[in-house]
Amino acid sequence: ALLATGPRQDTSIFYEIRTYDIKPSKMKEFLEMVNKYIHFRTAHSELVGFWYSELGAMNKVFHIWKYDNFAHRTAVRQALASDKDWQGKFMSAALPLMEKQHNEVAYLVPWCQLGKPPKEGGVYEWVTFQMKPGGPALWGEAFRAAINAHINTGYTKLIGVFHTEYGLLNRVHVLWWNESADNRAAGRHRAHEDARVVAAVRDSVRFLESQQNALLIPLQCSPLK
């Protein structure tokens with residue numbers, strides 16, 4: 001199957017990906033607040049994961065929320081606006097700690113189910129690929145082959161592949177899990193010497209405009225950790 005969005009999706013379920021830039025001097029305070037009060041937010045909808053950046057981006061947090069459809073998200077947002085605990089205990093105190101907020105709506109690609117790490121205590125890698133205009137019909141097969149080539153090396157665990165529906169289009173986010181940053185580094189070195197990986201990546205980069213990654217650490221409250 002090719003990557004697909006919109007009416008070609010297998011399901012109406014989508015994921016809202018939120019990234020916040022936190023004031024450098026306030027990161028510790030912000031993370032403590034999230035761990036303390038996130039239960040008010042998760043009472044309304046499902047949290048997939050919550051992380052802070054360690055490498056590749058500074059003073060950023062990433063969190064992913066799952067919705068059944070757009071009507072579900074609208075109902076959740078309305079409920080949150082009137083939730084006195086969430087607004088009073090978290091939002092009113094957290095907003096002054098933030099410098100910037102950004103969100104995207106994305107679908108899991110049809111050939112990928114949301115995974116889980118084999119154990120707790122590892123690190124996550126968030127890789128963003130900005131592909132050339134034209135959509136999955138142009139680059140979907142080559143991109144899937146490159147992802148599968150990395151999976152087949154066995155050094156890393158795929159958690160999810162998300163294709164944007166709102167935000168910058170032709171953007172794909174890939175979330176990986178590794179036992180440690182050192183294990184990830186060793187696996188990458190092996191992958192660079194794997195002819196299958198080299199060939200698949202060489203084919204897919206024809207459609208690539210830019211690529212960025214970040215090493216993420218899950219919060220204590222994160223379901224994925």
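Predicted model only: the values in this text are computed from it and were never measured.
- Annotation: R77, atom CZ; neighbour count of heavy atoms from other residues, nucleotides and ligands within 6.0 Å is above 12.
- With contacts defined as side-chain heavy-atom distances shorter than 4.5 Å, the pair W126/I64 qualifies.
- Across A191 and V197, no two heavy atoms sit closer than the pair O-CB, 3.6 Å.
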### Query
Do H163 and W139 pass the ring pair (Phe, Tyr, Trp, His ring centres under 6.0 Å) test, and can you show the C-alpha distance, the side-chain angles, and the key distance before you say yes or no?
CA-CA 12 Å; H163 181 207; W139 42 258; 5.5 Å; yes
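- Looking only at distances, no side-chain donor or acceptor of S12 sits under 3.5 Å from a matching main-chain atom of N69.
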### Task
For side chain to side chain donor-acceptor pair (under 3.5 Å), just list the numbers for N103 and E16, CA-CA rounded to whole Å, side-chain angles, deciding distance to a tenth of an Å, and then say yes or no.
CA-CA 7 Å; N103 76 332; E16 183 174 6; 2.7 Å; yes
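- Residues L97 and E29 are in side-chain contact: their nearest non-hydrogen atoms beyond the backbone lie under 4.5 Å apart.
- By the neighbour-count criterion of 12 heavy atoms within 6.0 Å, atom CE of M58 is sparsely surrounded, having that number or fewer from other residues, nucleotides or ligands.
- Counting only heavy atoms from C-beta outward, the side chains of H102 and D21 never approach each other to under 4.5 Å.
- Note: F30 and Y20 have perpendicular aromatic rings, judged against thresholds of 30 and 60 degrees for the angle between ring planes.
- Closest non-hydrogen pair, H72 versus K66, comes out as CE1-O, 4.3 Å.
- Q101 CD: more than 12 foreign heavy atoms inside a 6.0 Å radius.
- Minimum interatomic distance between W177 and G122 (heavy atoms only, all atoms of both residues): NE1-CA, 3.5 Å.
- Rounding to the nearest 0.5 Å gives a distance of 9.0 Å between OG1 of T19 and NZ of K100.
- Residues F143 and V161 are in side-chain contact: their nearest non-hydrogen atoms beyond the backbone lie under 4.5 Å apart.
- Summarising the geometry, atom CD belonging to E46 is positioned 9.0 Å from atom CG belonging to D68; distances are rounded to the nearest 0.5 Å.
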### Message
Run H173 and T164 through side-chain contact (heavy atoms from CB on, under 4.5 Å) and show every step you take.
### Response
CA-CA 8 Å; H173 300 289; T164 55; 4.0 Å; yes
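- Taking CH2 of W86 as the start and NE2 of H39 as the end, the distance is 10.0 Å to the nearest 0.5 Å.
- Cluster membership check: F50 shares its hydrophobic cluster with M98, using side-chain heavy-atom separations under 4.5 Å among Ile, Leu, Val, Met, Phe, Trp and Tyr.
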### Task
Please test L208 against M131 for side-chain contact (heavy atoms from CB on, under 4.5 Å), starting from the C-alpha separation and ending with a verdict.
CA-CA 5 Å; L208 181 66; M131 309 301 290; 3.8 Å; yes
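- Listed here is the closest heavy atom pair of R196 and A149: O-CB, 4.1 Å.
- Between L47 and R41, the closest side-chain pair of non-hydrogen atoms is not below 4.5 Å.
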### Task
Start with the C-alpha distance between L168 and Q130, add both sets of side-chain angles, then the distance that settles side-chain contact (heavy atoms from CB on, under 4.5 Å), and finish with yes or no.
CA-CA 8 Å; L168 279 176; Q130 186 63 46; 4.0 Å; yes
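- Applying the salt bridge (Lys or Arg N to Asp or Glu O under 4.0 Å) rule to pairs touching residues 172-185 yields K119-E179, E125-R184, sequence neighbours excluded.
- Between W65 and V76 there is no side-chain heavy-atom pair separated by less than 4.5 Å.
- For the atom pair CG of N183 and OH of Y155, the computed distance is 11.5 Å after rounding to the nearest 0.5 Å.
- The aromatic ring centroids of F40 and F90 lie 6.0 Å or more from each other.
- Side-chain contact between V172 and F162 is absent, with no heavy atoms from C-beta onward closer than 4.5 Å.
- Heavy atoms only, all atoms of each residue included: G56 and Q212 are closest at O-NE2, 4.1 Å.
- The cluster map of Ile, Leu, Val, Met, Phe, Trp and Tyr, joined by side-chain heavy atoms under 4.5 Å apart, puts V205 and V198 in different clusters.
- The shortest non-hydrogen separation linking L224 to P117 is CD2-CD, 3.7 Å.
- Within 6.0 Å of the CD atom in Q220, the count of heavy atoms belonging to other residues, nucleotides or ligands does not exceed 12.
- In this structure, the side chain of Q87 engages the main chain of L80 through a donor-acceptor pair within 3.5 Å.
- Side-chain atoms of H150 and W176, non-hydrogen and from C-beta on, do get closer than 4.5 Å to each other.
- Taking CD1 of I159 as the start and SG of C112 as the end, the distance is 9.0 Å to the nearest 0.5 Å.
- Between the N170 side chain and the G135 main chain, a donor and an acceptor come within less than 3.5 Å of each other.
- The 12-atom threshold is not exceeded at OH of Y166, counting heavy atoms of other residues, nucleotides or ligands nearer than 6.0 Å.
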#### Entry: Step-by-step side-chain contact (heavy atoms from CB on, under 4.5 Å) determination, R190 to T153
CA-CA 8 Å; R190 292 195 302 272; T153 63; over 6 Å; no
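- To the nearest 0.5 angstrom, E104 atom CD is 9.5 Å from L169 atom CG.
- Looking at K225, its side chain does come within 3.5 Å of a backbone N or O of S222 through a donor-acceptor pair.
- In this pair, F14 and Y107 present their aromatic rings perpendicular. The plane angle is above 60°, beyond the 30 to 60° band.
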